[in-house]
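Let me begin by presenting the structure, written as structure tokens, before commenting on it.
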Amino acid sequence: MLAAMFSGRHYIPTDAEGRYFIDRDGTHFGDVLNFLRSGDLPPRERVRAVYKEAQYYAIGPLLEQLENMQPLKGEKVRQAFLGLMPYYKDHLERIVEIARLRAVQRKARFAKLKVCVFKEEMPITPYECPLLNSLRFERSESDGQLFEHHCEVDVSFGPWEAVADVYDLLHCLVTDLSAQGLVVDHQCIGVCDKHLINHYYCKRPIYEFKITWWSVPTQSRHTALPSCVERSPGEEDSTTAQSLCGSRPCQVVLKESLLSFTTSFKGEINGSKLT
């Protein structure tokens, strides 16, 4: 496209000094020019942005070289793995939508939801080895329907056949959700444990995802003393002004208060006579 623009076949507006006008942000145009002049490539932190410019100007050689650089090269591998799950993007959007609705309903800054991530469809019994990747068992097609069920979660991912494991998919989920500007925390809270047939139980792992819609500035967390702590007369705000219970200053004040109360209480018992 860039070559076509200056081929003489198209009119390109110029300013009063004869400079050509291109309706495009010029932040990364210098990297494009450096490649055209001397073949220089941008540093890793600008690869994605320059790649978009190369796509716009249709500079094939630059596109090819950028695709072989990180992080674009690694992204190709990641997308090849995610391609094994045809509904990955749909389920990702479902996570965001459920979290948004729950946050709005509760008028809360964050929302929690349950997500099931399982690599292989293998129910096991409590008497078998819990290493899921090492288990194999035979069953007929009719018996297979007995093992099919939906865990009581909001969204499920799996199964898939690849070397990448559950933790790799969890990393992909966090990466893609964070790319949307969300703060994401997750932890395993157990397994489904639903009874299927005979001694077979579902052992798919269940994760709790916490989606935070906006972050509280750190400075605002130090503007007020916790309601569980009473400030002593003349005490400086900067010493114990913490808004989050469990912070170190709060813990210190609480500990000192408890020690003082315990000492006073013991003194009263020792000074009194039991009747």
Side-chain angles (χ1 to χ4, degrees), residues 74-106 108-214:
E75 182 62 17
K76 275 188 174 182
V77 178
R78 194 177 79 97
Q79 290 300 327
F81 162 56
L82 294 179
L84 298 174
M85 284 160 285
Y87 301 107
Y88 175 80
K89 291 185 178 179
D90 294 336
H91 290 177
L92 193 71
E93 293 176 0
R94 179 171 172 79
I95 289 177
V96 176
E97 183 62 18
I98 292 175
R100 184 188 68 82
L101 291 175
R102 289 182 181 173
V104 171
Q105 291 173 355
R106 297 177 59 247
R109 185 166 58 93
F110 62 87
K112 295 180 179 180
L113 62 159
K114 294 180 180 180
V115 178
C116 177
V117 180
F118 62 101
K119 180 178 180 179
E120 296 180 285
E121 187 70 87
M122 290 186 299
I124 63 175
T125 73
Y127 311 105
E128 292 175 311
C129 176
L131 297 177
L132 297 181
N133 292 338
S134 66
L135 292 178
R136 296 290 187 274
F137 56 89
E138 300 293 335
R139 62 174 183 259
S140 63
E141 294 184 1
S142 59
D143 291 337
Q145 297 180 355
L146 297 175
F147 292 96
E148 294 179 0
H149 77 287
H150 298 284
C151 301
E152 295 181 0
V153 295
D154 298 297
V155 183
S156 291
F157 293 88
W160 68 87
E161 294 183 4
V163 175
D165 58 18
V166 169
Y167 299 102
D168 294 318
L169 182 57
L170 289 172
H171 182 270
C172 291
L173 289 172
V174 173
T175 298
D176 292 334
L177 290 171
S178 299
Q180 299 185 34
L182 302 174
V183 179
V184 185
D185 295 304
H186 69 280
Q187 62 176 345
C188 183
I189 58 175
V191 296
C192 175
D193 207 28
K194 181 178 180 180
H195 178 255
L196 301 177
I197 181 176
N198 297 332
H199 296 292
Y200 286 101
Y201 293 80
C202 174
K203 293 299 179 182
R204 297 172 183 171
I206 307 298
Y207 295 84
E208 180 183 73
F209 271 65
K210 178 182 177 182
I211 310 296
T212 302
W213 288 96
W214 78 87

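The figures here come from the full heavy-atom set of this structure, side chains too, leaving out hydrogens, waters and symmetry mates. As the structure is a computational prediction, the values presented were derived from the model and not from experiment. Index from 1, following the sequence.
The minimum heavy-atom distance linking V96 with W213 is given by the pair O-CZ2, 3.6 Å. Among all heavy-atom pairs drawn from C202 and C151, the shortest one is SG-SG, 3.9 Å. Contact record, F110 with K112: CE1-CE, 4.0 Å, taken as the closest heavy-atom pair. The minimum heavy-atom distance between A162 and K119, with the atom names listed, is O-NZ, 2.7 Å. Of all the heavy atoms in E161 and L84, the pair that sits closest is O-CD1, 3.5 Å. Scanning both residues, L92 and F157, for their nearest heavy atoms gives N-CZ, 4.3 Å.
Atom-to-atom distance recorded for D176:CG and E93:CD is 11.0 Å, nearest 0.5 angstrom. Interatomic distance, I206 CD1 to D193 CG, rounded to the nearest 0.5 Å: 10.0 Å. In this structure, the separation between CZ on R204 and SG on C192 is 7.0 Å, given to the nearest 0.5 Å. Annotation: the span from E208 atom CD to Q187 atom CD amounts to 5.5 Å, rounded to 0.5 Å. Put simply, OH on Y167 and SG on C188 are 7.0 Å apart, with the number rounded to the nearest 0.5 Å. One distance of note links OH of Y207 with CD1 of I189; it measures 10.5 Å at 0.5 Å rounding.
A salt bridge does not link R94 with E97: every distance from a Lys NZ or Arg NE/NH1/NH2 to an Asp or Glu carboxylate oxygen is 4.0 Å or more. R102 has a carboxylate O that lies under 4.0 Å from a charged side-chain N of D154, or vice versa, which qualifies the two as a salt bridge.
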(request) Just do the side chain to side chain contact (heavy atoms under 4.5 Å, CB included) check on I211 and L113 with the steps written out, would you? (result) CA-CA 8 Å; I211 310 296; L113 62 159; 4.0 Å; yes
(message) Show, in sequence, the C-alpha distance, side-chain angles and deciding distance for F209 and L173, and conclude whether the side chain to side chain contact (heavy atoms under 4.5 Å, CB included) test is met.
(response) CA-CA 10 Å; F209 271 65; L173 289 172; 4.0 Å; yes
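Ring pair F81/W160 is perpendicular by interplanar angle, where above 60° counts as perpendicular and below 30° as parallel.
A side-chain donor-acceptor contact under 3.5 Å links H91 to the backbone of S156. The backbone N or O of W214 lies less than 3.5 Å from a partner atom in the side chain of R109, making a donor-acceptor pair.
Looking at V153 and V115, their side chains never come closer than 4.5 Å, going by heavy atoms from C-beta outward. For the pair L82 and L169, the minimum side-chain heavy-atom distance is below 4.5 Å.
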